[in-house]
Asker: 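The structure follows.
In what follows, every chain begins at residue 1, and chains take the letters A, B, ... in the order their sequences are listed.
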Amino acid sequence: MSRAALLVLADGRFPAGGHAHSGGAEAAVRAGRITGAASLEDFCRGRLTTSGLVAASLAAAAALGVDPGELDAAADARTPAPALRAAARKLGRQLLRAARATWPCGELDALAARFPTGAHQPVALGVVARAAGLDARDAAHCAAYESVSGPASATVRLLSLDPFDATGVLARLAPDLDHVAGQAVRAARTAAHEGADALPACSAPLLEIGAELHAARPVRLFAS
Amino acid sequence: MHLDHAHPGPAAVGADARCPDGTRRALRIGLGGPVGSGKTATVAALCRALRTELSLAVVTNDIYTREDAEFLLRQAVLPPERITAVETGACPHTAIRDDISANLEAVEELEDTVGPLDLILVESGGDNLTATFSKGLVDAQIFVIDVAGGDDIPRKGGPGVTTADLLVVNKTDLAPYVGADLARMAFDARAQRGELPVVFQSLRGEPGAAEVADWVRRRAAAWTA
Amino acid sequence: MNTTGVRATARIRARGDGRGGTSLPVLASDGPLALRRTRGSGGEAHVLLVGAMSGPLGGDHFTVRADAEPGARLRVGSAAATLALPGQHGGEARHDVRLTVADGAELHWLPEQLICARGCELRMSTEADLAPGARLVLREEQVLGRVGEQPGGLAGRLTLRIAGRTVLDQELACGAGAPGGWDGPAVLAGHRAAGQLLVAHPRFAEHPVAARALSETTVVLPLAGPAVLVTAVAPDALLLRRELDAALELLTTVSA
């Protein structure tokens with residue numbers, strides 16, 4: 001296992017398309033719910049403990065080797081908003097593209113062949129983590145971090161927020177990130193024995209509502 | 001460019017010249033340049049000039065989604081299913097250079113849904129003079145500047161002006177009104193670009209984008225040769 | 001497990017009577033969970049859940065089971081909102097709803113709101129298992145606290161399976177003890193009522209409903225299966241019901 005591989009995968013510059021997605025931050029900014037660093041932090045904490053925990057659990061389970069098909073169906077059931085399912089599949093496909101060039105292996109080729117329109121991103125992330133020699137905890141950390149780093153960097157662009165404030169938000173969330181990653185790994189281990197129903201299904205109504213409103217808007221900066 | 005290396009399994013890298021089934025994919029040409037220089041108008045003119053001879057499609061990278069795509073739709077240069085808009089998260093240069101994955105998805109999806117295609121034009125969102133396309137995304141790139149943006153742009157250089165496969169100096173009809181010295185622009189461009197071609201054009205009246213269209217035709221012929 | 005609480009299971013079994021009507025071979029009240037058959041309409045049997053005492057309290061575990069068997073058309077409502085309160089001995093209260101709907105049967109599960117009073121700790125779980133040709137309309141509404149009251153803790157999970165496949169699995173945790181950010185911009189942002197309207201109909205397999213926003217806080221979400229979820233948040237229970245009623249009218253027109 002290589003710790004540096006985790007840095008490569010979690011790097012915001014890893015070319016997997018994340019830069020064009022705000023994780024719901026653009027919709028929340030437009031609705032006047034994110035106005036500065038404090039509300040960004042609240043948004044990120046809420047996203048982390050809901051869809052972030054679900055994503056981290058799916059990623060950890062995939063990294064443990066739980067069948068990606070079962071996990072992908074579980075992700076569908078946990079993602080009622082079609083705009084979010086579409087975004088997750090798109091990001092999953094883009095991640096897999098980048099990962100297959102970065103860590104070429106048969107398991108990633110097989111995943112791409114099995115999901116031609118893309119697997120949910122957290123599921124792809126877990127399989128990619130395996131291919132990169134990482135474990136379930138790394139995959140969970142990576143997914144949890146992505147659930148907040150995307151909104152933070154998007155808000156810097158949307159509100160011209162001081163980037164130091166946005167980075168401060170991420171740093172303050174670090175203990176929560178560790179906690180969520182731990183929860184995710186425990187849930188994933190249970191799911192490895194009992195099936196994907198054992199994974200958390202935490203939801204955030206305003207993320208789902210905002211995602212559909214956002215998708216219907218003719219003018220927007222971010223894809224989701 | 002590493003265009004012809006063999007790749008086991010489905011293509012993972014955008015620059016691969018062949019589709020997973022072994023057929024040759026469409027030629028991809030990028031159009032970049034500063035805001036308002038006439039990229040979208042040039043794309044529209046190219047579509048009108050080439051649509052009867054080539055099977056083509058367009059990917060736009062708007063700053064605010066769909067504006068350029070909708071301009072092309074209003075101009076009715078292509079049917080809607082041949083135009084795809086990619087969101088860039090306020091960073092158009094990232095989407096064409098640093099993280100090209102969304103654009104690769106878009107070009108491949110166009111080939112899948114409306115293909116086979118001969119040519120895909122990828123239009124960048126308006127950006128600065130350093131914004132160039134990744135070789136992983138396009139096979140050739142056109143950089144579009146205009147005389148109203150300042151006749152010193154060719155002299156200043158920058159990756160777009162210096163390295164693009166074709167430099168287009170647009171809106172030459174405005175030169176007298178903005179005091180642009182076309183001869184000086186041509187001289188500076190030659191100094192920056194050596195043998196790389198430069199086209200001066202005005203899309204108001206004839207011959208419009210005919211010269212750029214000819215350049216694209218030659219590229220397309222070489223691609224399939 | 002707190003042993004001082006009340007355990008109660010109420011059961012409803014409905015089946016087609018073969019003459020276009022619906023019979024109720026089982027209608028079993030239990031302790032605080034009282035069931036009444038009320039006047040039906042057409043071939044549809046109506047059942048009202050009447051709370052014989054307030055609850056669930058901390059330590060209580062209530063279960064309601066309803067099975068709509070072949071040919072049944074069953075509509076279940078409740079006489080009043082359910083108020084979750086803290087118990088004398090504290091601890092978690094549980095409220096489980098288990099629904100099954102057979103091929104060709106139809107179940108409308110439309111209880112009144114669940115109100116989480118200050119200090120309550122309620123774990124609510126609703127599972128609906130549908131055969132491929134079953135029809136379901138299900139509404140759940142969570143109200144955080146009585147007017148002006150700090151809400152107690154609620155953890156709810158709503159699961160829909162059609163032909164054994166999980167089509168929706170959704171948890172909502174809010175109020176006291178919920179993970180951080182539950183009242184922030186991503187989750188509820190100060191809204192005190194949240195609701196789900198779930199409509200499953202075999203017709204959706206071939207005629208999917210399009211995703212759409214009915215307002216800035218209510219959206220229609222076609223699921224990855226022949227079902228639609230309407231998700232809404234609102235400042236209070238009244239406004240939430242108005243949104244969900246409008247959505248229900250829209251969806252029943254579509255699935256009729």
Asker: Can you say whether C:Glu216 sits under 4.5 Å from chain A via the side chain, the backbone, both, or neither, judging by heavy atoms?
Answerer: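 Contact with chain A involves both backbone and side-chain atoms of C:Glu216.
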Asker: Between atom CD of C:Gln170 and atom CD of A:Glu208, what is the distance when rounded to the nearest 0.5 Å?
Answerer: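 It comes to 5.0 Å.
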Asker: Testing the basics here: between C:Ala189 and A:Arg33, what is the closest heavy-atom pair and its distance to 0.1 Å?
Answerer: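 Minimum heavy-atom separation between C:Ala189 and A:Arg33: CB-CD, 3.5 Å.
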Asker: Using 0.5 Å steps for rounding, measure from the OG atom of A:Ser203 to the CZ atom of C:Arg157.
Answerer: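 One finds 10.5 Å between OG of A:Ser203 and CZ of C:Arg157.
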Asker: Under a 3.5 Å distance rule, please check whether A:Glu212 uses its side chain to pair with a backbone N or O of C:Ala213 as donor and acceptor.
Answerer: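 Side chain of A:Glu212 to backbone of C:Ala213, a donor-acceptor pair under 3.5 Å: no, none is there.
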Asker: Hey, which residues of residues 53-81 of chain A are touching chain C, say heavy atoms under 4.5 Å apart?
Answerer: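 Within residues 53-81 of chain A, the residues that come under 4.5 Å of chain C (heavy atoms only) are A:Asp76, A:Ala77, A:Arg78, A:Pro80, A:Ala81.
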Asker: What residues of residues 149-160 of chain A sit under 4.5 Å from chain C when you count only heavy atoms?
Answerer: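 Within residues 149-160 of chain A, near chain C: nothing under 4.5 Å.
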Asker: So with a 6.0 Å cut-off around CZ of C:Arg98, is the heavy-atom count from everything else above 12?
Answerer: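 Enclosed.
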Asker: Kindly indicate whether the side chain of C:Val219, heavy atoms from C-beta on, has any atom under 4.5 Å from the side chain of A:Ile209.
Answerer: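 Yes; the side chains approach each other to less than 4.5 Å.
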Asker: Could you please state which residues from residues 99-116 of chain C sit under 4.5 angstrom from chain A, measuring non-hydrogen atom to non-hydrogen atom, sorted by number, or 'none'?
Answerer: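 Counting heavy atoms that sit under 4.5 Å from chain A, no residue of residues 99-116 of chain C is involved.
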Asker: Nearest heavy-atom pair of A:Ser39 and C:Pro185: which atoms, and what distance?
Answerer: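 Nearest heavy atoms, A:Ser39 then C:Pro185: O-CG, 3.4 Å.
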Asker: Measuring heavy-atom distances to chain A, does C:Val233 have an atom under 4.5 Å in its side chain, in its backbone, in both, or in neither?
Answerer: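 Both backbone and side chain of C:Val233 come within 4.5 Å of chain A.
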Asker: Using non-hydrogen atoms only, which part of C:Ala232 is less than 4.5 Å away from chain A: side chain, backbone, both, or neither?
Answerer: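 Contact with chain A is through the backbone of C:Ala232 alone.
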Asker: With rounding to the nearest 0.5 angstrom, report the CG to NE2 distance, A:Leu206 to C:His191.
Answerer: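 The distance works out to 6.0 Å.
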Asker: Can you tell me if CZ on A:Phe14 sees more than 12 non-hydrogen neighbours from other groups inside 6.0 Å?
Answerer: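 Yes, CZ of A:Phe14 has more than 12 neighbouring heavy atoms, counting only those of other groups under 6.0 Å.
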Asker: Using modelled atom types and a 3.5 Å cut-off, is there a donor and acceptor pairing between side-chain atoms of A:Thr49 and backbone atoms of C:Pro179?
Answerer: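 Checked: no pair found.
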Asker: Determine the option with the most heavy-atom pairs under 4.5 angstrom with chain C, choosing from A:Ala201, A:Ala204, A:Gly23.
Answerer: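 Result: the option with the highest number of such pairs is A:Ala201.
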Asker: Output the option from A:His179, A:Arg85, A:Arg47 having the highest count of non-hydrogen pairs under 4.5 Å with chain C.
Answerer: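 Maximum pair count with chain C is reached by A:Arg85.
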Asker: What do you reckon, is CD of C:Gln150 surrounded by more than 12 foreign heavy atoms closer than 6.0 Å?
Answerer: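 No, CD of C:Gln150 has 12 or fewer neighbouring heavy atoms, counting only those of other groups under 6.0 Å.
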Asker: Any residues in residues 186-199 of chain A near chain C, with a heavy-atom distance under 4.5 Å, and which are they?
Answerer: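 Counting heavy atoms that sit under 4.5 Å from chain C, the residues of residues 186-199 of chain A involved are A:Asp197, A:Leu199.
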Asker: Side chain, backbone, both or neither: which part of A:Thr50 has a non-hydrogen atom closer than 4.5 Å to chain C?
Answerer: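 Contact with chain C involves the side chain of A:Thr50 alone.
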Asker: Please rank C:Ala178, C:Gly184, C:Gly181, C:Ala186 by heavy-atom pairs under 4.5 Å with chain A and give me the top one.
Answerer: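 That would be C:Ala186.
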Asker: Under 4.5 Å from any heavy atom of chain A, what part of C:Leu229 do you find: side chain, backbone, both or neither?
Answerer: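 When you check distances to chain A, only side chain atoms of C:Leu229 fall under 4.5 Å.
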